[in-house]
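Since we're looking at a predicted model, the values are computed, not measured.
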Amino acid sequence: MKRRYDIAKDEFETEDDDGRHRLVYAYFGLAIYIGQCLEETFSIMLWTDRIFKKKVKTNAEVNEIIDAIENSKKTMGNFINEVKQSYNLTTSIVDQLDKILDTRNYLAHKYFKLHIAKFNSTVGQLEMIKYFCDFIDDSKQLDEQLKDYYTKYTDRRVHFNLSPESM
């Protein structure tokens, strides 16, 4: 199976100059989007943890917990720190979380400012796309690993034959 960068590189080779510029922006946008999806995973992990630890009984209680997290002004870094405290994560996953957060912040706040010169050459554009693809792949892999942590809660609900209405 081809890695995302290999697919992007093949796509890049078929484009003209304008298309190549658009691809850089498209992969940058996809990287930011995937970062937001990962941030949503942290939200799900937090509210799932809180719902089960508080042993909520009503949908109103569930909604209060979800709303509190979803409407929070906390940053991705805050969410990661809370996830670290709520779940027994491996050292490897904690290290990956820290790396992903640093890269996501770098992409969102500094990447283009520091690498704009790369945008003017084919080699530079491919370097940019590779960086974005690596972040996307790493984020998706981490997201899959994190799902194992919070699905234990949902599996437990199924095991005890609890319906969402009984929560």
Side-chain angles (χ1 to χ4, degrees), residues 1-50 66 69-156 158:
M1 186 163 115
K2 278 188 164 184
R3 288 189 47 90
R4 182 174 315 277
Y5 175 67
D6 294 327
I7 295 166
K9 197 165 109 176
D10 290 346
E11 188 178 8
F12 186 86
E13 297 299 326
T14 65
E15 293 289 340
D16 62 11
D17 206 35
D18 286 340
R20 289 176 174 183
H21 286 104
R22 284 193 300 274
L23 276 175
V24 171
Y25 288 129
Y27 280 98
F28 172 77
L30 182 58
I32 294 297
Y33 169 75
I34 295 298
Q36 288 177 344
C37 290
L38 190 56
E39 192 168 3
E40 186 62 20
T41 295
F42 304 142
S43 294
I44 292 168
M45 290 178 80
L46 292 174
W47 57 256
T48 302
D49 181 64
R50 289 180 190 173
I66 292 171
I69 292 169
E70 294 300 320
N71 295 318
S72 171
K73 302 267 188 238
K74 293 184 177 180
T75 64
M76 187 174 181
N78 295 123
F79 281 160
I80 287 173
N81 287 331
E82 285 187 53
V83 165
K84 287 178 188 177
Q85 292 171 7
S86 297
Y87 290 84
N88 188 21
L89 303 174
T90 65
T91 304
S92 172
I93 289 180
V94 169
D95 291 345
Q96 290 175 55
L97 283 169
D98 292 338
K99 180 183 173 211
I100 289 291
L101 176 63
D102 289 344
T103 304
R104 180 253 180 211
N105 287 341
Y106 182 67
L107 281 171
H109 302 291
K110 294 183 180 181
Y111 187 83
F112 271 97
K113 181 169 83 171
L114 298 175
H115 296 278
I116 195 64
K118 289 181 181 181
F119 199 67
N120 297 315
S121 74
T122 300
V123 171
Q125 291 167 352
L126 283 168
E127 284 178 21
M128 295 171 91
I129 290 172
K130 180 163 184 356
Y131 190 83
F132 305 148
C133 287
D134 288 347
F135 175 78
I136 292 163
D137 290 341
D138 292 347
S139 295
K140 284 185 156 208
Q141 179 186 23
L142 180 59
D143 192 51
E144 284 303 312
Q145 290 174 302
L146 290 173
K147 284 180 184 166
D148 290 340
Y149 285 90
Y150 70 86
T151 55
K152 290 175 186 173
Y153 282 116
T154 55
D155 289 347
R156 184 170 43 175
V158 171

Partner set under side chain to side chain donor-acceptor pair (under 3.5 Å) for [X], not counting sequence neighbours:
{"X": "K140", "answer": "none"}
{"X": "N81", "answer": "none"}
{"X": "E15", "answer": "none"}
{"X": "D134", "answer": "K130"}

Closest non-hydrogen atom pair, [X] against [Y]:
{"X": "Y27", "Y": "F132", "value": "O-CB, 3.6 Å"}
{"X": "I136", "Y": "A31", "value": "CG1-CA, 3.6 Å"}
{"X": "G77", "Y": "L101", "value": "CA-CD2, 3.6 Å"}
{"X": "F79", "Y": "I69", "value": "CZ-O, 3.8 Å"}
{"X": "G35", "Y": "M76", "value": "O-CE, 3.9 Å"}
{"X": "F28", "Y": "L107", "value": "CE1-O, 3.5 Å"}

I need the [X] [atom1] to [Y] [atom2] distance, nearest 0.5 Å.
{"X": "D49", "Y": "Y149", "atom1": "CG", "atom2": "OH", "result": "13.5 Å"}
{"X": "I116", "Y": "M128", "atom1": "CD1", "atom2": "CE", "result": "6.0 Å"}
{"X": "Q96", "Y": "T90", "atom1": "CD", "atom2": "OG1", "result": "7.0 Å"}
{"X": "Q145", "Y": "L89", "atom1": "CD", "atom2": "CG", "result": "10.0 Å"}
{"X": "L38", "Y": "L146", "atom1": "CG", "atom2": "CG", "result": "6.5 Å"}
{"X": "Y87", "Y": "I93", "atom1": "OH", "atom2": "CD1", "result": "12.0 Å"}

Just jot down the salt bridge (Lys or Arg N to Asp or Glu O under 4.0 Å) partners of [X], sequence neighbours excluded, or say none.
{"X": "D10", "result": "K2"}
{"X": "E40", "result": "none"}
{"X": "D98", "result": "K84"}

Results of side-chain contact (heavy atoms from CB on, under 4.5 Å) for [X] - residues two or more places apart only:
{"X": "T14", "value": "none"}
{"X": "E82", "value": "L46, R50, K74"}
{"X": "E144", "value": "K147"}
{"X": "T75", "value": "N78"}

Exercise for review: In sequence, state the C-alpha distance, the side-chain angles, and the governing distance for L30 and Y33, and then conclude on side chain to side chain contact (heavy atoms under 4.5 Å, CB included).
Suggested key: CA-CA 5 Å; L30 182 58; Y33 169 75; 4.2 Å; yes
Review point. For E39 and S43, does a side-chain donor sit closer than 3.5 Å to a side-chain acceptor?
Key: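 No pair is found: no donor N or O on one side chain lies under 3.5 Å from an acceptor on the other.
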Review point. Does some side-chain heavy atom of K99 sit less than 4.5 Å from a side-chain heavy atom of L142?
Key: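 No, every pair of side-chain atoms sits at 4.5 Å or beyond.
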Check your understanding: Name the one of K118, R20, K9 that satisfies side chain to side chain contact (heavy atoms under 4.5 Å, CB included) with L126?
Key ->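 Option passing the side chain to side chain contact (heavy atoms under 4.5 Å, CB included) with L126: K9.
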Practice item. Any pair with a residue in residues 102-114 that passes side-chain hydrogen bond (donor to acceptor under 3.5 Å, both in side chains), sequence neighbours left out, goes on the list, sorted by first then second residue, please. Key: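 side-chain hydrogen bond (donor to acceptor under 3.5 Å, both in side chains) check on residues 102-114 returns Y106-H115.
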Review point. Any chance the rings of F119 and Y25 have centres within less than 6.0 Å?
Key: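 Ring centroids of F119 and Y25 are less than 6.0 Å from each other.
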